[in-house]
Amino acid sequence: MKFPWLKTISFFLLTNLIYCQEISLFQQFNGHYDYLAIGNTLNEAENNGNSFCEILPQSSANLNLDDNSNIVAAYLYWAGSGSGDLDITLNDTDFTATETYTVDYEDAINGTLTYFSCFADITEFILENGNIDYTLSNLDLSEVLESNPGYCANRTNFAGWSIYVVFEDETLPLNQINLFQGLEIINRNVQEKTIYLEDVNILDNEGAKIGFLAWEGDTALNYGESLFLNGNLLSNPPLNPSNNAFNGTNSFNNSSELYNCDIDFYNIQNYINIGDTTVEITLTTGDYNENGNFAADLIILNNIITVLNSQLPDATTDITEAQVLCGNQQIALNFYINNFNATDYLPANTPVSIYADNTLLDTVYTNDDIEIGESEYFELLIDLPSNFENYVTITLMADDIGDGTGIVTELNETNNFDLVGLEISPFEILELDPMKGCDLGFNKAFFNLVAHIQDLPNYSESEFFTSLDDLVLGDFEIIDPENYQNSLDPEPIFVKIPSDSCFNIYTFDLTTENCPPYIPEVFTPNGDGFNDWFNIQGLYDIFENHNLLIYNRYGTLIFEGNNQTKWFGEANKGLNNLHKPLPTGTYFYILNLNDPDYDILTGWVYLTR
């Protein structure tokens, strides 16, 4: 099985407490994608009709992806009674919720009962571990159940978990996966709930399916329970009959012992139509039982996921360079037109329009069909009208004929643009010789940037930046250029110096070099905290691959060191004095820097205590 790094858009979520969050689109994936779900209950049995009031300490489920599947994303959900346990453990690794949803149930006898669901992105964890058994633990609801006996009295004491895995397989059709999540509830008080899933794009209904993660469904409470999609009653007998969709089952492994947790999916190709952009889901519960009493199941819906065949391109733009040329009103603009998160090629002659603020400057067209995951590169010189002064925003818009109108149907019509702000001041970029500094460790050095340009006119008014974009926008100026430490090797520096007409730009690279190390002639390893080791300055973390050999006056090798092993006056070779302090005396060293610019260094060092 292959486990590449995440291919979709990365996103970061702050911990967020949400009350009765309506289910809405959370993430979308386009490509040869499908999904599977695993999970388990933490109930020892179905809580309806049973008297237990404890939650199991842990439960397990096995992930078993095909060898040709590439994991794209993995999400962990856990839920239960109460307002939420945000911290759990999965296979001895602790996770904290990044989203927490809650819903309230008003019970006539037991008062307000709250239920929660938590979410965490565990993609990297699943990529690292792959196909194994996963065990969730430390979901502790004991305090909740003890402090409010209404949960057990109402038979809604539950806990469970699930992992959703989106994967890529080149043998699959091109699909659009839409993951919707939140937390919504139906019960005797709210006996019907209709949810509209928007932002779907159905081009072909073959092989379409829909999945659900729900909590607290009971096998025995099949009173008026139904699940409709676009007015069609869904069922998957015998696992999910039409009158008991939420009954503690898992469609992926055909388990009917998931007790108050449902991980199910349905084939829906006969219930959707090509061209649909919205799917209507209706859930019901509540009816009179055989004794003539009204009864209803409590169902808490956590997420909905759709897998739809959707073959469309997705044009995006990426401006890589934009600058106003010195002495005229021309803009040099370099950019890519991409078709990354797509399920079909982007056709040739797709229009791309360039705007300065709201003024159309030019419209160009793609030359070739852009395949899925590919790009086309452009380099343009564009005339800027003379009425623009000081600052302008350049906007690049793909699939735009010049008036905001597109001609290509896309998966996402809102991500076609990129923009950059420019100062309108003529300038040119002049290259200077690189500036070298002695490596102080890890390819870092300190530089006096001002000294490198002191022969240039007006150098005292210079400003230093680490990128051309920062220079143009005036952002992130280097605060102390006379004592600057590089972060890259080499690292480009851009200098802005005022001139009579506008300003000049100079650029040069900062590079580090390995300067000769300084070898002391004596050291005193007596434990006084001063000069206690053979400290060859300019060696460690600079000549990382060096080798140091120490011999006694009889020519016996008594120590061998490297970048991690320093000599503190003890032997690490031989048998007689191993790891013991060596006597005062003169020792011979051989230092091989393993650097092609330096010969092997030899000499004597005096050790005294």
Side-chain angles (χ1 to χ4, degrees), residues 431-452 466 478 480-493 508-609:
E431 290 191 9
L432 302 177
D433 292 334
M435 187 177 188
K436 297 182 179 181
C438 287
D439 187 358
L440 300 178
F442 304 106
N443 299 317
K444 299 291 182 65
F446 284 96
F447 299 86
N448 184 346
L449 305 181
V450 177
H452 197 60
T466 57
I478 295 175
D480 186 7
E482 295 183 343
N483 189 37
Y484 177 75
Q485 186 178 41
N486 63 306
S487 57
L488 301 173
D489 187 19
E491 181 174 62
I493 296 295
F508 58 91
D509 285 338
L510 301 180
T511 62
T512 61
E513 60 182 355
N514 292 343
C515 296
Y518 171 76
I519 305 176
E521 298 179 349
V522 63
F523 74 107
T524 58
N526 54 15
D528 64 355
F530 177 75
N531 198 27
D532 279 337
W533 61 290
F534 189 29
N535 184 7
I536 303 176
Q537 299 179 25
L539 174 66
Y540 294 95
D541 296 326
I542 298 170
F543 296 89
E544 293 94 341
N545 297 318
H546 77 265
N547 179 254
L548 176 64
L549 301 176
I550 304 296
Y551 296 83
N552 63 18
R553 61 179 179 172
Y554 303 107
T556 301
L557 178 65
I558 50 88
F559 179 86
E560 183 174 4
N562 53 36
N563 197 58
Q564 287 75 41
T565 305
K566 302 176 177 65
W567 189 33
F568 287 83
E570 295 181 353
N572 66 4
K573 295 292 181 181
L575 298 175
N576 295 331
N577 296 313
L578 193 62
H579 304 303
K580 295 180 180 179
L582 294 167
T584 297
T586 300
Y587 293 83
F588 183 78
Y589 64 81
I590 297 176
L591 176 58
N592 185 358
L593 299 175
N594 283 317
D595 188 314
D597 295 331
Y598 290 90
D599 295 326
I600 294 176
L601 305 177
T602 62
W604 298 91
V605 61
Y606 185 70
L607 182 156
T608 180
R609 299 183 184 278

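All values below were derived from every heavy atom in this structure, side-chain atoms included, with hydrogens, water molecules and symmetry-related copies excluded.
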Holding to side chain to side chain donor-acceptor pair (under 3.5 Å), I want the full list of residues that pass it with Asn526, two or more places apart in sequence or in another chain. none
Non-hydrogen atoms of Phe447 and Lys436 that approach each other most closely: CE2-C, 3.6 Å
Approximate separation, where rounding is to 0.5 Å, of Tyr589 OH and Phe559 CZ: 15.0 Å
May I have the list of side-chain donor-acceptor pairs in residues 510-522 shorter than 3.5 Å, sequence neighbours left out?
| unit_1 | atom_1 | unit_2 | atom_2 | d |
| --- | --- | --- | --- | --- |
| Thr512 | OG1 | Asp489 | OD2 | 2.5 |
| Asn514 | ND2 | Asp595 | OD2 | 3.0 |

Which atom pairs, donor and acceptor, lie under 3.5 Å between side-chain atoms of residues 579-588 and protein residues at least two apart or in another chain?
| unit_1 | atom_1 | unit_2 | atom_2 | d |
| --- | --- | --- | --- | --- |
| Tyr587 | OH | Pro583 | O | 2.8 |

Minimal non-hydrogen separation, Gly527 against Asp532, with atom names: N-OD1, 3.2 Å
Hey, what do you get for OH (Tyr484) to CG (Leu449), rounding to the nearest 0.5 Å? 7.5 Å
Spacing of CG belonging to Asp439 relative to CD belonging to Glu544, to within rounding of 0.5 Å: 6.5 Å
Write down the atom of Asn594, the atom of Asn592, and the distance for their closest heavy-atom approach. N-OD1, 3.0 Å
Distance from Met435 atom CE to Glu491 atom CD, nearest 0.5 Å? 12.5 Å
Would you check if the side chain of His452 reaches a backbone N or O of Asp433 as a donor-acceptor pair within less than 3.5 Å? yes
Please set out all donor-acceptor pairs under 3.5 angstrom arising from side-chain atoms of residues 533-543, sequence neighbours excluded.
| unit_1 | atom_1 | unit_2 | atom_2 | d |
| --- | --- | --- | --- | --- |
| Asp541 | OD1 | Asn563 | ND2 | 3.1 |

Salt bridge (charged side-chain N to carboxylate O under 4.0 Å, His left out) involving Glu560 - partner list, sequence neighbours excluded: Lys573
Run the ring-centre check on Trp567 versus Phe523 and record whether the distance is less than 6.0 Å. yes
Search all heavy atoms of Cys438 against all heavy atoms of Ala445 and return the closest pair with its distance. O-CB, 3.2 Å
Separation of Thr466 OG1 from Ile493 CD1 (nearest 0.5 Å): 6.5 Å
May I have all residue pairs that pass side-chain hydrogen bond (donor to acceptor under 3.5 Å, both in side chains) and include part of residues 598-609, sequence neighbours excluded? none
Got a second to check how far Ile590's CD1 is from Ile600's CD1, nearest 0.5 Å? 7.5 Å
